[in-house]
Protein chains: 2
Amino acid sequence: MAQSVAHAAEPAIPMAAVTVDLVVLTIRDDELAVLCVRRGIPPFAGKLALPGGFVRPDETLVMAAARELADETGLPGEVHLEQLATYGDPGRDPRLRVVSVAYLALAPSLPTPRAGSDAADVSWLPVAGLLAGRPSGSGPSGPSEELAFDHRQILADGVERARAKLEYSPLATAFCPPVFTVGQLRRVYEIVWGTSIDPRNFHRKVTGTPGFLVPAGGSTVGERGRPARLYRKGDAELLHPALLRGANC
Amino acid sequence: MAQSVAHAAEPAIPMAAVTVDLVVLTIRDDELAVLCVRRGIPPFAGKLALPGGFVRPDETLVMAAARELADETGLPGEVHLEQLATYGDPGRDPRLRVVSVAYLALAPSLPTPRAGSDAADVSWLPVAGLLAGRPSGSGPSGPSEELAFDHRQILADGVERARAKLEYSPLATAFCPPVFTVGQLRRVYEIVWGTSIDPRNFHRKVTGTPGFLVPAGGSTVGERGRPARLYRKGDAELLHPALLRGANC
DNA sequence: ACAAAAGTGTTGGATTTACACCCATGA
DNA sequence: TCATGGGTGTAAATCCAACACTTTTGT
C-alpha cells in the first residue's frame, strides 16, 4: 500500500468519509430488538436508520463507536461492543464516498431510551419486522419500515453474528442484567435462536460448562414457582463444550 | 450518522484514506506462510508489510482486495477471499489518517510468486517467525523480521480467523488444489492447527460429513503407499458435525 | 390443593476415541 | 519382503436428548 504521497507526479490519494454504525441489540417483550433512529435530514430524511456518526480525527474506531453509543442511548459502560464488518460500496451514500465500520453491541433489557444530543428520536424496534422481506404495507410480522442506506444488510449481519456467537461464547450473558437466573439465560437463547430448549438439559449444560456462570448467592423472590439461584457471568471467553443450535429442540 | 453536509455552519466532515490490506495464507514446505512485500518507500522503507493499496473511488472494497491480490501475486481466481477486520487507529500511518480494511485470502500451494506491477518484491514467509515475540536477532523460530505498521496484529487476527474457521467450515479445502486426497486435507489441518490428528478417524469424519467432499474419481499414482482416492470440495458452507480442535490428538 | 418454575436422576442411543487390522503400491 | 500411507472394523468411553421425578414457591 501507499505507493506515494510526496511525489508530485502521482495521482492524488482518494479520500473517503469514515463513519461507525451501531447494531445495538437487546431483548424487549420477549423479542429481539434493535436501536434505531429516525433521520431528520436528507438523504433518507424521515426514514429509520441505525445510529452512527463520523469518526473524529483523533479517536480510534472503537472509541467512536463507544462515544456514539453513549451519546445516542445513555447506556452505561456495561455493554458488549465488538467490531462487526465494514461496508464501503460506492454509492451507498448518495452524497459522497462513505466507508462505514459497523459495531455490534449487546445490551440488557432497559427502559425506553432517552433521546440523544443530536438524534431526532431513538427507539427499540423488533428486528423481525425490519428483516422481513419488504412488505411495505403489513406483512406477516406486522407493519414494518425499511431501513436507510444498506442498514438492513448490516442489521442482518449483526443478528447472524449474535446468533452464531451464542453457540460458542458466553455472549448471551450480555443480554442479561449483572445477576440473573438460568431461566433468564435460557429465554435469551430461545428468543435469539427462535427455538425452544429443554429447561432441564439446558440447566445442566450451562452450570456444567466451566467458567460460564459463577453463583452469585441468593435466589429470586416473589416469582412464580420455585425460587431460582442467581448467577453472574464467569470469566470464560469460549465455551467448552459449545451449545449446539439446531439440536435439543 | 450524517448529521449534515450541506449546512454551511457545521464543521467539515473529517476524511481519511481507505486502503485494503491482504493476509494471503498458503502452505509451503509443511508450514503456514503469508505473502509479504518489501516496502520501497517511506514510511517503513525496506521493511516487510502485507500487500495492499488504496481503494479507488469507483470500486467496492472486495473489488479492491481482489484487484490487489491479482496485481501482487498473479493468482488465478480460485482463491477464497473474505473480509477480516478494519484497522483505523489514528497514527497507525504517520503520514495521514488511513483506515485499512483487511481481507483474508487462502490459496493452495503455489510456485514462487512473480513480482507485481508496483511492488519491489513479493515473497512467502512462514507466519511462525513473523508472529514470534520480537527476537530482533535469532529466536527459537529462526531469524525473523518485524512487519510495518500494525500488520503484525492484522496477520495474527487473520491466522486466528483461519484456525477457527477450519473447525466449522470447509475452508481447509481452499489450501488444497482443485483435486486432492484426504491425506492432503489432513496435513492442512495439522499444519494450521499445529496438532497431530489420527489419520483413520479423520478420514471417517471428513468423508462422513455431508457436503464436505465429493469423490472426483481416480486415485493418486506414483506416491508412496497405497493410492488415495481423489476428492473435490463439496457445496456445504458449514460442517455438521464440526471438527473439534483440541480433541482427537 | 394446584399450578408453575427450578433442579436432579436415569436411561437408551449416538458420537468419539483409540487402536487392531487389512489393502495397495514403491523400493 | 518390507516400508509407507490409505482405508475399514470394533469396542470402550463419553456425550446427549428425552423424560420421570422431586423441590419450593405463589395463589
Side-chain angles (χ1 to χ4, degrees), chain A residues 30 166-168 172 176-177 179-191 193 195-210 212-232 238-249, chain B residues 30 166-168 172 176-177 179-191 193 195-210 212-232 238-249:
Chain A
D30 285 339
L166 289 206
E167 292 197 53
Y168 59 90
C176 297
V179 167
F180 54 90
T181 69
V182 173
Q184 288 178 283
L185 187 67
R186 178 170 49 82
R187 245 155 269 140
V188 169
Y189 277 90
E190 291 181 327
I191 290 166
W193 283 351
T195 63
S196 72
I197 298 172
D198 184 292
R200 290 87 55 121
N201 292 333
F202 181 84
H203 185 280
R204 222 184 336 232
K205 229 172 199 173
V206 296
T207 56
T209 300
F212 195 1
L213 302 180
V214 294
S219 303
T220 54
V221 288
E223 304 284 323
R224 269 197 306 275
R226 171 174 168 180
R229 290 175 228 165
L230 296 171
Y231 294 89
R232 297 177 189 280
L238 281 316
L239 265 29
H240 288 291
L243 287 69
L244 272 309
R245 170 171 49 153
N248 201 30
C249 59
Chain B
D30 285 341
L166 289 205
E167 292 198 50
Y168 60 90
C176 296
V179 167
F180 54 89
T181 69
V182 173
Q184 287 178 284
L185 187 67
R186 177 170 50 82
R187 247 154 268 139
V188 169
Y189 277 90
E190 292 181 327
I191 290 166
W193 283 350
T195 63
S196 72
I197 298 173
D198 185 294
R200 289 94 53 137
N201 293 333
F202 181 84
H203 185 280
R204 224 184 335 231
K205 228 172 198 172
V206 296
T207 55
T209 300
F212 194 3
L213 302 180
V214 295
S219 303
T220 54
V221 287
E223 304 283 323
R224 269 196 306 276
R226 170 175 168 180
R229 290 174 228 166
L230 296 172
Y231 294 89
R232 298 177 189 280
L238 282 316
L239 265 29
H240 288 291
L243 286 69
L244 273 309
R245 172 170 47 153
N248 200 28
C249 58

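Just so we're clear, the structure is a prediction, and the values are computed from it rather than from any experiment. Every heavy atom of this structure was used, including side-chain atoms; hydrogens, water molecules and symmetry mates were not.
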(Q) With side chain to side chain contact (heavy atoms under 4.5 Å, CB included) as the criterion, how do A:Y189 and A:T195 come out once you've worked through the C-alpha distance, each side chain's angles and the decisive distance to 0.1 Å? (A) CA-CA 8 Å; A:Y189 277 90; A:T195 63; over 6 Å; no

Q) How do A:P199 and B:V221 order along DNA chain C: which one's closest nucleotide is nearer the 5' end? A) A:P199

Q: Provide the closest heavy-atom pair for B:T209 versus B:H240 in the form atom of the first, atom of the second, distance.
A: CG2-O, 3.7 Å

Q: Please state how far atom CD in A:E223 lies from atom P in D:dT25, giving the value in whole angstrom units.
A: 13 Å

Q. Reckon A:R204 has a side-chain N or O less than 4.0 Å from the OP1 or OP2 of C:dG9?
A. no

(Q) From CG of A:L239 over to P of D:dC16, roughly how many Å is that when rounded to an integer? (A) 12 Å

Q: Using atom NE2 of B:H240 as one end and atom P of D:dC16 as the other, report the distance to the nearest whole Å.
A: 16 Å

(Q) For A:G222 and B:R186, find the nucleotide of DNA chain D closest to each by heavy atoms; which residue's nucleotide sits nearer the 5' end? (A) B:R186

Q | Any B:R224 side-chain nitrogen or oxygen under 4.0 Å from OP1 or OP2 of D:dG5 | A | yes

Q) Shortest non-hydrogen contact from B:I191 to B:D30? A) CD1-CA, 3.6 Å

Q. Would you say D:dG9 has OP1 or OP2 under 4.0 Å from some side-chain N or O of B:R200?
A. no

Q: Give the nucleotide from the list C:dC23, C:dG7, D:dA18 with an atom nearest to the side chain of A:N201.
A: D:dA18

Q) How many Å lie between CG on B:D198 and P on D:dG6, as a whole number? A) 12 Å

Q. Within this structure, what is the CZ-to-C1' distance between A:R226 and C:dA6, rounded to whole angstrom?
A. 5 Å

Q | A:T207 versus A:Y231, closest heavy-atom pair with distance | A | CG2-OH, 3.8 Å

Q. Within this structure, what is the CZ-to-P distance between A:F202 and D:dC16, rounded to whole angstrom?
A. 14 Å

Q | Length of the line joining A:I197:CD1 and C:dA6:C1', which is rounded to integer Å | A | 16 Å

**Q.** Nearest atoms (heavy-atom pairs only) where B:L243 meets B:W193
**A.** O-CH2, 4.0 Å

Q.
Please determine whether a side-chain nitrogen or oxygen atom of B:H203 lies at a distance below 4.0 Å from atom OP1 or OP2 of D:dG7.
A. yes

(Q) Please confirm whether the shortest side-chain N or O distance from A:K205 to OP1 or OP2 of D:dC15 is below 4.0 Å. (A) no

Q: Starting at atom CG of B:L244, determine the distance to atom C1' of D:dT14, rounded to an integer number of angstrom.
A: 13 Å

Q.
It should be established whether A:R229 places a side-chain nitrogen or oxygen under 4.0 Å from OP1 or OP2 of nucleotide C:dT8.
A. yes

